[in-house]
Q: 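The structure is given below, and queries will be raised subsequently.
The basis for the numbers below is simple: all heavy atoms, side chains too, and nothing from hydrogens, waters or symmetry mates.
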Amino acid sequence: MRALAVILGLLALGALQADGINTSLIHPAKKVKTPQKTAPKNNQQKSPKSAPTERWIYSSAFLTAYFSDGHYKQGYGLLLPNGNYLSASSLVFDQGMYAQTIMARMQDDSAPLLICVARLRLKAIDRNRGLSLLGTHVFTNDNCQVRPESYYHARIYKKYAQNLLAHSQTPSTKTLYYPQVGSKNAFEVQNLHNPSSLQDTPLGRPLFDAHGVFMGMLGGGQNQIKVIKRGVIIDFLRAMQKRKLL
């Protein structure tokens with residue numbers, strides 16, 4: 001609870017300040033009763049958490065960043081228009097190195113599991129704000145092998161990209177939600193009232209309110225979780241837009 005209070009406090013007060021930009025790269029089935037039999041009890045099941053209905057879950061990506069010395073880091077990102085992704089800078093810059101390869105896995109409303117969709121490249125990084133902008137380098141098939149863009153890729157990129165600069169909804173900080181990869185290799189919706197899993201690869205997790213409005217992103221540094229608030233992210237994206245990187 002104390003960790004939760006700190007996180008929400010950071011978000012509400014805007015504790016993170018951006019100094020400048022450092023751009024280096026770019027129904028369960030009804031029982032059928034008969035006189036002889038009744039349906040077994042296990043037919044009554046709740047919808048699994050791995051099948052969320054929140055639209056933003058399909059805008060989220062699970063990222064794996066590989067570095068030249070062989071180590072890798074895993075975290076999250078958010079799909080933006082034009083094949084771009086927003087993530088945390090500490091996910092793609094580590095131990096003085098930039099990630100060489102970044103794999104993106106996503107979940108579509110037509111498929112229940114996370115699958116590979118693309119290899120990404122680093123386009124820009126702002127370590128002061130704790131943010132990075134990634135771009136689609138090549139598309140991949142389900143097994144992460146390179147392939148041409150398909151109807152499936154085009155559908156995801158067109159339908160679920162979040163244009164954060166085009167929306168001005170009033171956000172709410174009462175309850176925040178974020179994606180978490182579950183045991184069934186699918187996204188589950190978690191909230192900050194149950195923050196026990198936040199220490200498990202939190203980098204780049206997008207945060208949304210109950211109405212699906214983007215609120216911010218979880219970043220990290222020196223074993224500490226930080227909330228990068230919406231306003232800081234909007235400023236970063238506007239800077240990228242001026243440089244024609246979006």
Side-chain angles (χ1 to χ4, degrees), residues 25-27 47-66 72-88 91-92 99-124 131-167 177-190 201-208 211-214 217-218 233 237 240-241 244-246:
L25 297 173
I26 276 273
H27 281 295
S47 299
K49 292 181 70 176
S50 58
T53 57
E54 288 79 357
R55 182 182 176 89
W56 57 259
I57 206 74
Y58 306 117
S59 305
S60 305
F62 183 70
L63 307 179
T64 303
Y66 297 92
Y72 66 92
K73 298 181 72 173
Q74 292 182 310
Y76 297 77
L78 183 69
L79 177 64
L80 304 176
N82 301 316
N84 294 309
Y85 291 76
L86 176 72
S87 191
L91 176 62
V92 297
Q100 299 297 304
T101 302
I102 306 165
M103 303 299 301
R105 291 195 294 157
M106 299 184 72
Q107 181 176 333
D108 181 52
D109 57 5
S110 65
L113 302 178
L114 287 167
I115 63 170
C116 279
V117 293
R119 293 182 186 176
L120 313 180
R121 63 184 179 91
L122 181 59
K123 295 179 67 175
L131 296 167
S132 63
L133 179 67
L134 314 175
T136 299
H137 179 51
V138 292
F139 292 99
T140 64
N141 60 20
D142 296 4
N143 298 316
C144 303
Q145 298 172 332
V146 177
R147 61 149 297 156
E149 181 181 8
S150 68
Y151 168 81
Y152 178 79
H153 296 107
R155 179 179 182 272
I156 291 178
Y157 277 42
K158 181 179 180 179
K159 187 175 182 180
Y160 296 118
Q162 295 258 344
N163 191 347
L164 303 181
L165 296 179
H167 302 288
Y177 300 88
Y178 61 90
Q180 165 74 22
V181 177
S183 59
K184 296 183 179 179
N185 193 34
F187 280 136
E188 297 177 351
V189 177
Q190 302 288 337
T201 62
L203 305 176
R205 278 183 177 148
L207 301 171
F208 295 84
H211 302 289
V213 177
F214 177 75
M217 179 166 280
L218 289 176
I233 292 172
L237 293 178
M240 298 298 98
Q241 188 177 57
K244 299 182 179 181
L245 295 176
L246 290 179

Q: Backbone N or O of Tyr160 within a donor-acceptor pair of the Ser59 side chain at under 3.5 Å?
A: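 Here the side-chain-to-backbone pair exists.
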
Q: Any side-chain heavy-atom pair from Ile233 and Phe214 closer than 4.5 angstrom?
A: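 Ile233 vs Phe214: side chains touch.
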
Q: Are the side chains of Phe187 and Tyr76 in contact, using a 4.5 Å heavy-atom criterion?
A: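 Yes - at least one pair of side-chain heavy atoms lies under 4.5 Å apart.
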
Q: Please tell me if the side chains of Leu246 and Leu133 come closer than 4.5 Å, counting only heavy atoms from C-beta onward.
A: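 Yes. Closest side-chain heavy atoms under 4.5 Å.
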
Q: Under 4.5 Å between any side-chain heavy atoms of Ser132 and Leu122, yes or no?
A: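 Yes. Closest side-chain heavy atoms under 4.5 Å.
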
Q: Looking at the rings of Tyr178 and Phe208, which for Trp means the six-membered one, are their centres under 6.0 Å apart?
A: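 Not under 6.0 Å, so no.
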
Q: As a test of understanding, state which of Asn185, Leu114, Leu113 forms a side-chain contact (heavy atoms from CB on, under 4.5 Å) with Gln107.
A: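 Passing option: Leu114.
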
Q: Would you name the heavy atoms of Leu91 and Gly75 that are closest together and state the gap between them?
A: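 Of all heavy-atom pairs spanning Leu91 and Gly75, the closest is CD1-N, 3.7 Å.
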
Q: For the atom pair OH (Tyr177) and CD (Glu188), what is the distance rounded to the nearest 0.5 Å?
A: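 It comes to 15.0 Å.
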
Q: Got a sec, which residues hit side chain to side chain donor-acceptor pair (under 3.5 Å) with Asn84, two or more places apart in sequence or on another chain?
A: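 By the side chain to side chain donor-acceptor pair (under 3.5 Å) rule, Asn84 matches Lys123.
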
Q: Show your reasoning for whether side-chain contact (heavy atoms from CB on, under 4.5 Å) applies to Tyr66 and Gln100.
A: CA-CA 6 Å; Tyr66 297 92; Gln100 299 297 304; 5.7 Å; no

Q: Can you confirm whether Arg55 sits close enough to Gln162 that some side-chain heavy atom of one is under 4.5 Å from a side-chain heavy atom of the other?
A: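 In short, these two side chains do not touch, never coming nearer than 4.5 Å.
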
Q: If only atom types and distance count, is the side chain of His137 paired as donor or acceptor with the main-chain N or O of Ala118 below 3.5 Å?
A: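 Pair absent, no side-chain N/O of His137 close to backbone of Ala118.
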
Q: May I ask you to test the Val189-Trp56 pair for a side-chain heavy-atom distance under 4.5 Å?
A: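 A side-chain contact exists here, since the closest heavy-atom pair is under 4.5 Å.
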
Q: Looking at side-chain heavy atoms only, is the closest gap between Met103 and Thr140 below 4.5 Å?
A: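 Yes, side chains in contact.
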
Q: Using ring-ring contact (aromatic ring centres under 6.0 Å, His included) as the criterion, list what pairs up with Tyr157, not counting sequence neighbours.
A: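 Checked Tyr157 against ring-ring contact (aromatic ring centres under 6.0 Å, His included); matches are Phe139.
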
Q: Testing the basics here: between Thr64 and Tyr72, what is the closest heavy-atom pair and its distance to 0.1 Å?
A: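 Reported closest heavy-atom pair: CG2-CD1, 3.9 Å.
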
Q: CG of Leu245 to CG of Asn82: how many Å apart, nearest 0.5 Å?
A: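 CG of Asn82 is found 11.5 Å from CG of Leu245.
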
Q: Distance from Leu86 atom CG to Met240 atom CE, nearest 0.5 Å?
A: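 Reported value, rounded in 0.5 Å steps: 10.5 Å.
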
Q: Would you give the length of the straight line joining atom OH of Tyr85 to atom CZ of Arg121, rounded to the nearest 0.5 angstrom?
A: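 Output value for this atom pair is 13.0 Å.
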
Q: Quick one: are Leu120 and Val92 in side-chain contact, heavy atoms under 4.5 Å?
A: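 With C-beta onward as the side chain, the pair stays apart.
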
Q: Mind checking what makes salt bridge (charged side-chain N to carboxylate O under 4.0 Å, His left out) contact with Arg147, not counting sequence neighbours?
A: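 Per chain and number, Arg147 pairs via salt bridge (charged side-chain N to carboxylate O under 4.0 Å, His left out) with no residue.
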
Q: Would you check if the side chain of Ser60 reaches a backbone N or O of Pro179 as a donor-acceptor pair within less than 3.5 Å?
A: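 Not confirmed, Ser60 side chain does not pair with Pro179 backbone.
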
Q: Out of curiosity, Ile115 CD1 to Asp142 CG, how far, rounded to the nearest 0.5 Å?
A: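 The CG atom of Asp142 is 4.0 Å from CD1 of Ile115, to the nearest 0.5 Å.
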
